[in-house]
Amino acid sequence: MSETPPATVGTADANRWKALVFIALAQLMVVLDATIVNIALPSAQQDLGISDGNRQWVVTAYALAFGGLLLFGGRIADLWGRKRAFVIGLTGFAAASALGGAATTGAMMFGARALQGVFGALLAPAALSLLAVMFTDAKERAKAFGIYGAIAGGGGAVGFILGGVLTEYLDWRWTFFVNIPFAVVAALGAYFVIREPEGGRNRNPLDIPGVLLSTLGLVSLVYGFTRAESDGWGDTTTVSLFVASAVLLIAFVVTESKVKSPLLPLRVVTDRNRGGIYLSLGIAIIAMFGTFLFLTYYLQVIKGYSPIKTGFAFLPMIAGMMVGSTQIGTRLMTRVPARMLMGPGFLVAASGMLLLTRLEIGSSYASTVLPSMLLLGLGMGTAFMPAMSLATLGVEPRDAGVASAMVNTSQQVGGAIGTALLNTIAASATTSYIKDHIATATSKPQQQLVQMQGMVHGYTNAIWFAVGMLVLAAVIVVTLVNAGHQGAGPVASGEGAEDEVAVPVIAH
């Protein structure tokens with residue numbers, strides 16, 4: 001890596017904390033968008049005349065473009081420079097949001113959502129890799145990633161509140177338009193403030209076969225899980241998508257091992273620490289996504305909460321994430337190995353999830369939901385923060401974009417799996433419960449009660465599975481992640497990094 005001229009270093013040092021504000025703002029916008037649109041979906045569907053069969057495409061179009069293009073977006077950031085990719089991603093995301101807010105037909109909405117996914121796939125890895133290359137001092141890195149981790153973890157819950165407020169008091173279109181000021185401020189700030197260290201670009205030719213195989217493979221995988229949720233796991237198209245995904249991704253790995261300038265250098269994922277973090281984060285996100293979904297249904301359908309009240313009910317989780325990420329994680333990351341924060345963090349989150357397995361129709365928010373949310377937020381915040389940092393630690397500067405993209409990819413795929421798998425488990429348990437108990441319900445109120453009990457029974461069955469996922473994530477971390485604490489020495493790079501004590505890098 002070439003030395004950065006002293007003037008550039010000085011400017012970067014002076015502005016790095018200002019830069020963090022704009023990077024965090026962009027990350028918040030992307031994470032918010034994942035949940036804010038869900039709240040607005042019923043109103044948008046009615047206004048635009050979207051059928052029940054097609055409404056999933058408002059979510060799916062974004063997920064496919066974002067999940068499928070993340071590795072490509074990370075590589076483009078390495079090629080063009082992270083600052084340029086960041087600003088272009090923000091500009092495109094704002095334009096796509098304006099198109100979505102102005103949509104007059106379902107097709108126009110689906111196109112806008114796909115475009116948001118395309119530019120989000122460029123923006124998200126650029127943001128994380130900028131942090132990785134700008135904050136190299138261990139203590140400062142801990143603070144920066146603490147803030148970033150809290151936003152990455154808690155932003156989705158904030159989306160519930162903002163989505164509810166905008167939909168209820170203004171119009172569903174504002175759930176799209178609200179992105180524009182976020183993007184404009186972040187882009188202008190980034191343009192004038194961010195000074196990316198020189199010498200970290202990867203100017204090798206683009207690996208076109210790798211781009212095509214990874215994009216098609218990831219799109220098939222994400223869409224397969226989406227289809228499984230709506231059409232069942234045995235559906236011919238669902239099975240075909242999974243088979244195609246396996247073939248394409250195996251071909252991708254083989255291709256990457258042979259080409260001179262791979263899209264995803266295998267050294268990025270075969271490092272035991274990064275590999276362990278990608279795997280454990282993906283599994284933890286399976287549990288998190290399912291829980292968000294079931295808690296939202298439980299509070300709105302069973303307890304009768306409004307969208308706004310539901311959003312505010314998630315605030316304890318955000319508070320827990322903020323404390324876990326910015327206080328526990330930041331203070332201890334430079335003193336103890338990452339596995340000693342991530343492993344216990346996942347187990348604390350699992351204990352919060354365990355409380356939710358006791359949910360009943362009459363359960364009190366204060367005695368059951370509130371403490372579980374606090375534990376869940378505290379545990380995930382504590383685990384996410386060192387994971388985000390270690391996943392990009394020690395990676396060669398030219399690979400920072402794709403290493404960051406792999407964090408986002410593991411989270412995106414984990415989210416797709418979690419939504420489909422946990423929904424299937426819940427639906428199956430609900431159907432079974434209602435079938436076994438409906439015969440004893442002789443009046444309509446009793447039948448409605450059995451149906452609600454069946455729904456809660458389904459949620460708790462799926463949440464038990466989520467508890468197991470978090471325990472598995474903890475086991476993977478303790479088994480694979482063996483890096484020392486991130487304040488023991490200078491950042492290193494290259495092969496064998498996992499054997500260093502503080503070999504100095506993971507998202508959406």
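Residue numbers start at 1 and run along the sequence shown. Note: hydrogens, waters and symmetry copies are ignored here, and every other heavy atom, side chains too, is used. Computed from a predicted model, the values in this text were never measured in an experiment.
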Close side-chain approach of Leu69 to Leu122, heavy-atom, < 4.5 Å: no

Atom pair CG/CZ of Leu341 and Arg331 - distance to nearest 0.5 Å: 13.5 Å

Donor-acceptor contact present, side-chain Asp207 to main-chain Pro262, <3.5 Å: no

Worked check of side chain to side chain contact (heavy atoms under 4.5 Å, CB included) between Phe346 and Thr382: CA-CA 8 Å; Phe346 286 140; Thr382 302; over 6 Å; no

Closest approach of Phe252 to Ser214 (non-hydrogen atoms, all atoms of both residues): CE1-CB, 3.6 Å

Side-chain donor/acceptor of Arg274 to backbone N/O of Val268, under 3.5 Å: yes

Qualifying residues under side-chain hydrogen bond (donor to acceptor under 3.5 Å, both in side chains), relative to Ser245, sequence neighbours excluded: none

Heavy-atom pair of closest approach, residues Ser410 and Leu281: OG-CB, 4.2 Å

Pair Leu295-Leu356, side chain to side chain contact (heavy atoms under 4.5 Å, CB included): steps then yes or no: CA-CA 9 Å; Leu295 271 179; Leu356 289 177; 4.0 Å; yes

Val178 and Met29, any side-chain heavy atoms less than 4.5 Å apart: no

Nearest-0.5 Å distance that lies between atom OG1 in Thr237 and atom OH in Tyr223: 7.5 Å

Evaluation steps, side chain to side chain contact (heavy atoms under 4.5 Å, CB included), between Leu70 and Leu218: CA-CA 9 Å; Leu70 270 167; Leu218 288 170; 5.8 Å; no

Ring center gap for Phe242 and Phe225 short of 6.0 angstrom: yes

Residue list, side-chain hydrogen bond (donor to acceptor under 3.5 Å, both in side chains) with Asp47, at least two apart or on another chain: Trp172

Side chain proximity check, Ile277 to Val481, heavy atoms < 4.5 angstrom: yes

Note, Val253 side chain near Leu249 side chain (heavy atom, < 4.5 Å): no

Residue pair Val269, Leu264: steps toward the side chain to side chain contact (heavy atoms under 4.5 Å, CB included) verdict: CA-CA 8 Å; Val269 289; Leu264 175 64; 4.2 Å; yes

Atom pair CE (Met342) and CZ (Phe384), whose distance is rounded to the nearest 0.5 Å: 9.0 Å

Which atom of Pro209 lies closest to which atom of Thr255, heavy atoms considered: CB-CG2, 4.2 Å

Distance, nearest 0.5 Å, that separates CG of Leu374 from CG of Leu370: 5.0 Å

Interatomic distance, Arg75 atom CZ to Leu71 atom CG [nearest 0.5 angstrom]: 11.5 Å

Close side-chain approach of Arg113 to Phe176, heavy-atom, < 4.5 Å: yes

Closest approach of Gly210 to Glu256 (non-hydrogen atoms, all atoms of both residues): CA-OE2, 3.7 Å

Phe192, CZ: over 12 other non-hydrogen atoms inside 6.0 angstrom: no

Close side-chain approach of Thr91 to Phe119, heavy-atom, < 4.5 Å: no

Minimal non-hydrogen separation, Leu390 against Ala338, with atom names: CD2-CB, 3.7 Å

Aromatic plane relationship, Trp174 with Phe177 - under 30° parallel, 30 to 60° tilted, over 60° perpendicular: perpendicular

Polar side-chain atom of Arg82 near backbone of Gly74 as donor-acceptor pair, under 3.5 Å: no

4.5 Å side-chain heavy-atom contact, Leu376 and Met353: yes

Point-to-point distance, once rounded to the nearest 0.5 Å, from OG1 of Thr215 to CG of Leu248: 10.5 Å

Near-ring test Phe294/Tyr298, centroid separation under 6.0 angstrom: no

Lys309 NZ/CZ over Tyr305 ring centroid, <6.0 Å and within 45° of normal: yes

Geometric cation-pi criterion, Lys83 with Tyr191: 6.0 Å, 45°: yes

Would you be so kind as to tabulate the donor-acceptor pairs closer than 3.5 Å made by side chains of residues 92-102, with sequence neighbours excluded?
unit_1, atom_1, unit_2, atom_2, d
Ser97, OG, Phe93, O, 2.8
Ser97, OG, Gln116, NE2, 2.9
Ser97, OG, Asn179, ND2, 3.1

Closest non-hydrogen atom pair between Ala349 and Met380, with its separation: CB-SD, 3.8 Å

